[in-house]
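What follows is a short report on a single structure.
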There are 2 protein chains.
Amino acid sequence: MTTEEKILVAAREEFQQAGFGGARMQKIADRAGINKASLHYYYRNKEKLFQQVLQKDILRLMIPVSMVLRDPSLSLEQRIRTFVKTTTQLFMDQPNLLLFIMQELNRAPERLLNLVRDILKEHGLNDDESRTFRGQLEEGVKNGTLKPVDPEQYIASVLGMCMFPYAARSLVMELLEKDKEAYQNFLEQRQEELITLCRRMIFRSDEPED
Amino acid sequence: MTTEEKILVAAREEFQQAGFGGARMQKIADRAGINKASLHYYYRNKEKLFQQVLQKDILRLMIPVSMVLRDPSLSLEQRIRTFVKTTTQLFMDQPNLLLFIMQELNRAPERLLNLVRDILKEHGLNDDESRTFRGQLEEGVKNGTLKPVDPEQYIASVLGMCMFPYAARSLVMELLEKDKEAYQNFLEQRQEELITLCRRMIFRSDEPED
DNA sequence: GTCTATACACTGATAGAC
DNA sequence: GTCTATCAGTGTATAGAC
């Protein structure tokens, strides 16, 4: 692991935990096991370092998510399963990733939205709209295979169901009166249940069709 | 409006936007239209001021939410409707409230969880467990009125569906390719759709029963 | 490339006049 | 209660030796 990488890892931890304003260059240097001056040697200043970290994290979140939403090879059924699995895996691995991005996207939207758009454009190369999540939902509603639903409202719901318990971990923990261990358990069991619940909102039967 | 209140409003805006570390006492003073020294006259230091703001905001969020979850006078059907309506109204009014609390709850959980617990204890005086959201779901599943579901997983899902589009506003906006105005529209239409979707996950029919 | 030492700006907080 | 002036502490960033 190069010094450059060690710095990025250390910086990510610090930025995710403290936010840009609360993060301290000294702490990042400590975590990375180097001197504060070396930090400025690799990344000219705090802002540049932050940009690097944030860009990497946005990629880490947006690429898998937007891919699952648009991958033309997936059936509707498979897409739901894949979406649940992908997000669960991602946030089990990176517990603070989502909230960090939500935070910074909210703090300075104009600075980041162009970046996000480029990522979505570059990695969402599927131009067959009928083979996206949205397109499949639209078609299913039109021909009556699915229960009537606004595709975008449904997508937002799936996003919320999959992501919110990770982003709002402490809040949900308290509302459900669970401790850390019980909540971890809860999240692991959630995958199966999520698929069932997502299906029920649109499918006419609880039985899978493919 | 007293100076004290003006400060709290100004401080909330600044803290919500910049976080504790990024917030500047000077900016709070400017927003409140007073001098920086007066800030310290009313609230000894930054930390105290922050605590005041955060406590008020936690109350603003947790009281209505936990009340809807436990109010013994609500039927299951009514509870879903009320939950959707309450959260929608709250976040339309206070767009940054939820994300701010998620942020701070994540940044320093140990400092805030006791506060949250006290609030929940004080305002969740319903000791008839069978008349809570959880209790009603449990009973419905047991006697077959409802589709089989884990009550807590369902509650977490409803929370996510209602709250996530507000907390992750920019993220969802981009994934759905909407601008600010279109997204506002989307959120207004969402109320109706939310009730339908929440019902479908547990009720055997789309028709309301009461 | 990595260190020590230091410059420089900023911020939270206080003293004291009015 | 509200202001001006100012201090002390901290944090980013750089200079320069090795």
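Note on naming: letters A, B, ... go to the chains in the order of the sequence lines (proteins, then strands), and numbering restarts at 1 for each one. Bear in mind that the values here come from a model prediction, so they are computed numbers and not experimental data.
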What verdict does the side chain to side chain donor-acceptor pair (under 3.5 Å) test give for S157(B) and R190(A), after you've listed the backbone C-alpha separation in whole Å, the side-chain angles of each residue and the deciding distance to 0.1 Å? CA-CA 10 Å; S157(B) 301; R190(A) 186 162 175 76; 3.0 Å; yes

Checklist line | Closest nucleotide among dA15(C), dT2(D), dA15(D) to the A37(B) side chain | finding: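 Closest nucleotide among those given: dA15(C).
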
| message | What's the closest nucleotide to the side chain of S38(B) if the choices are dT2(D), dT14(C), dC3(C)? | response |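 Comparing dT2(D), dT14(C), dC3(C) against the side chain of S38(B), the answer is dT2(D).
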
Using whole Å, what does the distance between atom [atom2] of nucleotide [N] and atom [atom1] of [X] come to?
| X | N | atom1 | atom2 | answer |
| --- | --- | --- | --- | --- |
| N35(B) | dG12(C) | CG | P | 14 Å |
| I7(A) | dG1(C) | CD1 | C1' | 11 Å |
| F50(B) | dA13(C) | CZ | P | 14 Å |
| N45(A) | dG11(D) | CG | C1' | 13 Å |
| I28(B) | dA13(C) | CD1 | P | 10 Å |
| K36(A) | dA13(D) | NZ | C1' | 8 Å |
| K48(B) | dG12(C) | NZ | P | 17 Å |
| K46(B) | dT10(D) | NZ | P | 14 Å |

With a 4.0 Å limit, can you tell me whether [X] has a side-chain N or O closer than that to the phosphate oxygens OP1/OP2 of [N]?
| X | N | value |
| --- | --- | --- |
| T3(B) | dT2(D) | yes |
| R24(B) | dG12(C) | yes |
| Y41(B) | dC3(D) | no |
| H40(B) | dA13(C) | yes |

- Flag the pair V68(A) / P64(A) as yes when at least one side-chain heavy-atom distance between them is below 4.5 Å, and no otherwise.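 Side-chain contact under 4.5 Å: no.
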
inquiry  = Using a heavy-atom cut-off of 4.0 Å across all strands, would you classify A23(B) as base, sugar-phosphate, or nothing?
reply    =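 The answer is sugar-phosphate, as A23(B) gets under 4.0 Å only of primed atoms, P, OP1 or OP2.
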
| K46(B) to F20(B), cation-pi by 6.0 Å centre distance and 45° axis angle |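 Output yes; distance and angle both within limits.
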
(message) Looking at D57(A) and R60(A), is any side-chain nitrogen of the basic one under 4.0 Å from a carboxylate oxygen of the acidic one?
(response)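 Looking at R60(A) and D57(A), the cut-off is met.
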
Query - Ion pair E122(A)/R117(A), N-O distance below 4.0 Å - result: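 Answer for the salt bridge query: no.
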
